[in-house]
Amino acid sequence: MFARIFTKEEADALLPEIQRVLSQMRQARKELSEVQARLPEARGLERRNLEEEARFLLGSLEADARYLASLGVFLKDLDRGLVDFPARVGGEVVFLCWQEGEPEVAHYHPLAGGFAERRPLKGETNGLLPQASRPGETRPGA
C-alpha cells in the first residue's frame, strides 16, 4: 500500500529536512508569483528571461514535491506546513499528522480522515510498531 511505514521516531527525525524543503518550496512559490506578475508587461528578451525563470521555479517546486514523496511522506498543505506519514497505530494503518510549528509528531488520523479527525498520539506510541516487527514491509535502501 505504501512504500514506507514510519515509526514516530522516524517521522520526528525527518522534521528538520521537511522544514527545510517546505521553506524552499515557499520561497520558490513566492518568486514564481513575482515573476508571473511581471510577465504580462514584459516584452522581448525580458519576457523570454522571465518565462525561463518561471519554468525553472516550477521545475524546482515539482522536484521538491517529488523529493518529499520519495521520502515516503505526503505534503497535504504547503501554506500550513501540513505533512502526513503512513504509520501503524494499534495495528491499524493511519497517517501520523504533523503541522509546521509543532515540536514533534504528536497526532494521527485515519487514512480516510483528515486534519479535522486528528487524535493525539499520547498513550498510543506503544501501538507504533518498530520497523523490524512488520513482516513483508521494506524500507527503501534497507
Side-chain angles (χ1 to χ4, degrees), residues 1-122 124-125 127-142:
M1 179 184 243
F2 295 106
R4 181 172 183 185
I5 298 291
F6 288 85
T7 65
K8 178 192 178 329
E9 294 76 19
E10 290 170 333
D12 283 341
L14 272 180
L15 294 182
E17 178 66 0
I18 290 171
Q19 288 174 314
R20 183 193 69 76
V21 174
L22 293 178
S23 176
Q24 187 172 291
M25 290 179 80
R26 285 192 196 103
Q27 182 62 35
R29 187 178 60 184
K30 178 181 178 249
E31 291 175 19
L32 178 60
S33 180
E34 292 167 359
V35 166
Q36 289 173 327
R38 293 172 44 204
L39 263 172
E41 297 172 11
R43 300 287 178 258
L45 183 57
E46 179 189 11
R47 182 172 184 86
R48 280 187 293 237
N49 287 340
L50 288 173
E51 288 171 344
E52 182 63 31
E53 188 173 353
R55 280 191 293 276
F56 172 80
L57 292 166
L58 277 170
S60 174
L61 284 165
E62 291 170 357
D64 284 340
R66 282 192 307 272
Y67 173 65
L68 289 175
S70 77
L71 295 175
V73 304
F74 294 85
L75 176 60
K76 296 297 184 167
D77 188 325
L78 179 58
D79 291 325
R80 293 169 62 188
L82 194 56
V83 178
D84 285 347
F85 303 81
R88 287 186 193 273
V89 173
E92 177 185 355
V93 177
V94 298
F95 283 126
L96 297 179
C97 183
W98 175 78
Q99 184 171 359
E100 199 167 26
E102 296 175 344
E104 65 181 352
V105 176
H107 298 87
Y108 72 100
H109 61 78
L111 295 180
F115 187 84
E117 295 183 46
R118 281 179 22 138
R119 301 174 195 146
L121 270 175
K122 196 172 191 175
E124 298 287 348
T125 54
L128 289 169
L129 301 176
Q131 196 70 32
S133 68
R134 294 188 203 117
E137 292 184 11
T138 60
R139 296 180 359 207

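Everything numeric in this text was worked out from a predicted model, so none of it was measured.
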Drop me the distance from [X]'s [atom1] to [Y]'s [atom2], to the nearest 0.5 angstrom.
X: Leu14; Y: Trp98; atom1: CG; atom2: CH2; answer: 10.5 Å
X: Cys97; Y: Lys76; atom1: SG; atom2: NZ; answer: 9.0 Å
X: Glu10; Y: Leu15; atom1: CD; atom2: CG; answer: 12.5 Å
X: Gln36; Y: Arg29; atom1: CD; atom2: CZ; answer: 11.5 Å
X: Leu111; Y: Phe2; atom1: CG; atom2: CZ; answer: 5.0 Å
X: Arg66; Y: Leu71; atom1: CZ; atom2: CG; answer: 13.0 Å

For this session: Measure from the side-chain N and O atoms of Arg4 to the backbone N and O of Pro86, and report whether any donor-acceptor pair falls under 3.5 Å.
Result: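 Such a contact is absent between Arg4 side chain and Pro86 backbone.
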Exercise. If only atom types and distance count, is the side chain of Ser33 paired as donor or acceptor with the main-chain N or O of Lys30 below 3.5 Å?
Worked result: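 It does not hold such a pair.
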Exercise. Are Arg55 and Glu52 ion-paired here, with the side-chain N under 4.0 Å from a carboxylate O?
Worked result: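 The answer is yes: the pair qualifies as a salt bridge.
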Exercise. Can Glu100 and Arg26 be counted as an ion pair, charged N to O under 4.0 angstrom?
Worked result: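 Salt bridge: yes.
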For this session: Please lay out, stage by stage, how Glu51 and Arg48 fare under the test salt bridge (charged side-chain N to carboxylate O under 4.0 Å, His left out).
Result: CA-CA 5 Å; Glu51 288 171 344; Arg48 280 187 293 237; over 6 Å; no
Exercise. Can you pull the side chain to side chain donor-acceptor pair (under 3.5 Å) pairs that have at least one residue in residues 110-120, sequence neighbours excluded?
Worked result: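 Qualifying pairs, neighbours excluded: Glu102-Arg118, His107-Arg118.
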Problem set entry | Shortest non-hydrogen separation from Leu96 to Ala87 and the atoms involved |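 That would be CG-CB, 3.4 Å.
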Exercise. So, for Leu39 and Arg47, which heavy atoms are closest and what is the spacing to 0.1 Å?
Worked result: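 Closest heavy-atom pair between Leu39 and Arg47: O-NH1, 2.5 Å.
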So [Y] and [X], do their side chains get closer than 4.5 Å, heavy atoms only?
X: Val105; Y: Phe6; result: no
X: Leu75; Y: Leu22; result: yes
X: Val35; Y: Phe56; result: no
X: Gln99; Y: Asp77; result: no

Exercise. Phe95 and ring-ring contact (aromatic ring centres under 6.0 Å, His included): which partner among Tyr108, Phe115, Phe74?
Worked result: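 That would be Phe74; it is the only one of Tyr108, Phe115, Phe74 passing the ring-ring contact (aromatic ring centres under 6.0 Å, His included) with Phe95.
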For this session: For the pair Arg38 and Glu34, evaluate salt bridge (charged side-chain N to carboxylate O under 4.0 Å, His left out) and give the outcome as yes or no after the intermediate values.
Result: CA-CA 7 Å; Arg38 293 172 44 204; Glu34 292 167 359; over 6 Å; no
